[in-house]
2 protein chains.
Amino acid sequence: MTDEEKNGKQIWRDIGWIAREVNSTANREWRDEHLGDNRFIYVIRVLEHPGIGMQELATAIGVDRTTAFRAISKLVADGYLEKRDHPTQSRLKVLYPTAKSEGLKDRLFRFESDTFDAYLSNLSDTDVQTLKQLLERVRLTQLTQADDEKNVK
Amino acid sequence: MTDEEKNGKQIWRDIGWIAREVNSTANREWRDEHLGDNRFIYVIRVLEHPGIGMQELATAIGVDRTTAFRAISKLVADGYLEKRDHPTQSRLKVLYPTAKSEGLKDRLFRFESDTFDAYLSNLSDTDVQTLKQLLERVRLTQLTQADDEKNVK
DNA sequence: TCTTTCTTGTTGTATTTGCAACAAGAATAT
DNA sequence: ATATTCTTGTTGCAAATACAACAAGAAAGA
């Protein structure tokens, strides 16, 4: 085992590679519904957390808030999301799914599960659990440092 | 443990989140040297594999070849890389580091190791090994399906 | 051989992305 | 209270990204 393999370099590379790979596959899948460019992710998150704030959503997904703003604007224009004023603070906006996105809910959720399950097909159930726990700890490490993640994972 | 936690959904989300987080941190770090937008990655790969082809590099990084082409063009213009004709097939181009990028080699390599090591600080050595092996298996699963990755990992 | 397919480099183009900046309301401090 | 800082929504802008398309050489098949 070389020196290179002792540090986290390869882990980062693998994570980056897998993320890009899954992402571009998913985006191609949803392009026809105008849900490419990661927009399907926004819809999934809003379906899971109706009433979520824009900033919260951006942080959860991990994109710049201006990027999220524009993606959301497009989703609103396409009828997938509804932007409402915050019940008490009129300055804030919150997001809700529409009938259109509710209609896609099952397909979206199933897609998300099935796609990544396919990538995990070579791993045993135990391995999957281990991987999930390790990744969560890595993510939470970052959370401690940055200290800017909300409760939406 | 809910049903949701049995499938790969959260793994994908964590991978995506970590990848984005590390990436944007790294890009901010190297922006001043005009090595933002993942360009530092190209330099690292060429330093590791002098003479690598453009297509090979694009595949290894996981971006479209036209994206790689433009990033490389910029790196050549900025003096970080040199583009040469393939020794035997003049149609092909291969990439080499320059004195400028060689001079950054140590800093680049150290950065790559240190950055991700920081994200792994909460994991034991055993955990890191486990995580690395599991991720590699996930990446190789994809390789089997897509069957379009070269020998550069 | 010759034709067809594949690979590679390259450019045009529409779209997305992130950063900087600004306005305005909220929270905090003095 | 009032001044200052923080947060959020929003737009302008430069740059990157991916996809389509094209040219030209390579490889493969007939």
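Proteins come first, then strands; the chains are lettered A, B, ... in the order of their sequence lines, and each starts at number 1. As the structure is a prediction and not an experimental result, all values here were calculated from the model.
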Rounded to the nearest angstrom, tell me the gap between atom [atom1] in [X] and atom [atom2] in [N].
{"X": "A/M54", "N": "D/dT10", "atom1": "CE", "atom2": "C1'", "value": "8 Å"}
{"X": "A/R84", "N": "D/dT8", "atom1": "CZ", "atom2": "C1'", "value": "20 Å"}
{"X": "A/E56", "N": "D/dT7", "atom1": "CD", "atom2": "C1'", "value": "14 Å"}
{"X": "B/K93", "N": "C/dT11", "atom1": "NZ", "atom2": "C1'", "value": "14 Å"}

- Message: Taking 4.0 Å as the cut-off, does a side-chain nitrogen or oxygen of A/K83 come that near to OP1 or OP2 on D/dT8?
- Response: no
- Query: What does nucleotides 24-29 of chain D look like as a protein-contact string, B for base, S for sugar-phosphate only, - for none, at under 4.0 angstrom between heavy atoms?
  - Reply: -SS---
- Minimum heavy-atom distance B/A68-B/A58, with the two atoms named: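 Looking at all heavy atoms of both residues, the shortest contact is CB-CB, 3.6 Å.
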- Item | Which residues share a side-chain hydrogen bond (donor to acceptor under 3.5 Å, both in side chains) with A/N38, sequence neighbours left out |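 A/N38 satisfies side-chain hydrogen bond (donor to acceptor under 3.5 Å, both in side chains) with A/N27 only.
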- Query: Who are the side-chain hydrogen bond (donor to acceptor under 3.5 Å, both in side chains) partners of B/T88, not counting sequence neighbours?
  - Reply: B/H86
- Message: Could you work out, with side chain to side chain contact (heavy atoms under 4.5 Å, CB included) as the rule, every residue matching A/T115, not counting sequence neighbours?
- Response: A/V22, A/F111, A/Y119
- Query: By side chain to side chain contact (heavy atoms under 4.5 Å, CB included), which residues pair with A/T126, not counting sequence neighbours?
  - Reply: A/S124, A/T130
Would you tabulate the nitrogen or oxygen pairs shorter than 3.5 Å linking the protein to nucleotides 11-20 of chain D?
unit_1, atom_1, unit_2, atom_2, d
D/dG12, O6, A/R70, NH2, 2.3
D/dA16, OP1, B/R39, NH1, 2.6
D/dA16, OP1, B/R39, NH2, 3.2
D/dA16, OP1, B/K74, NZ, 3.2
D/dA16, OP2, B/K74, NZ, 3.2
D/dA18, OP2, B/D64, N, 3.3
D/dA18, OP2, B/T67, OG1, 2.4
D/dA18, N7, B/T66, OG1, 3.4
D/dA18, N6, B/R70, NH2, 3.2
D/dC19, OP1, A/R31, NH2, 3.4
D/dC19, N4, B/T66, OG1, 2.9

- Message: At 10 degrees resolution, what angle do the end axes of the helix from C/dT1-D/dA30 to C/dT30-D/dA1 form when each is taken over five base pairs?
- Response: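 Roughly 30°, once rounded to the nearest ten degrees.
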- Message: Using the salt bridge (Lys or Arg N to Asp or Glu O under 4.0 Å) criterion, which residues pair with A/D127? Sequence neighbours excluded.
- Response: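 In terms of salt bridge (Lys or Arg N to Asp or Glu O under 4.0 Å), with neighbours along the sequence ignored, A/D127 is linked to B/R137.
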- Partners of A/R84 by salt bridge (Lys or Arg N to Asp or Glu O under 4.0 Å), sequence neighbours excluded?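 For A/R84, the residues satisfying salt bridge (Lys or Arg N to Asp or Glu O under 4.0 Å) (neighbours in sequence not counted) are A/E82.
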- Item | Summary of side chain to side chain donor-acceptor pair (under 3.5 Å) pairs that have at least one residue in residues 62-77 of chain B, sequence neighbours excluded |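 Qualifying pairs: B/D64-B/T66.
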Side-chain donor-acceptor pairs of residues 101-109 of chain B under 3.5 Å, sequence neighbours excluded:
unit_1, atom_1, unit_2, atom_2, d
B/S101, OG, B/Y80, O, 2.7
B/S101, OG, B/T98, N, 2.8
B/S101, OG, B/T98, O, 3.1
B/S101, OG, B/T98, OG1, 3.4
B/R107, NH1, B/E33, OE2, 2.9
B/R107, NH2, B/E33, OE2, 3.2

- List, by chain and number, the other hydrophobic cluster members for B/Y96, where Ile, Leu, Val, Met, Phe, Trp and Tyr join if side-chain heavy atoms come within less than 4.5 Å, directly or indirectly. B/V94
- Message: Quick one: does any side-chain atom of B/K9 pair with a main-chain N or O of A/D114 as donor and acceptor, under 3.5 Å?
- Response: no
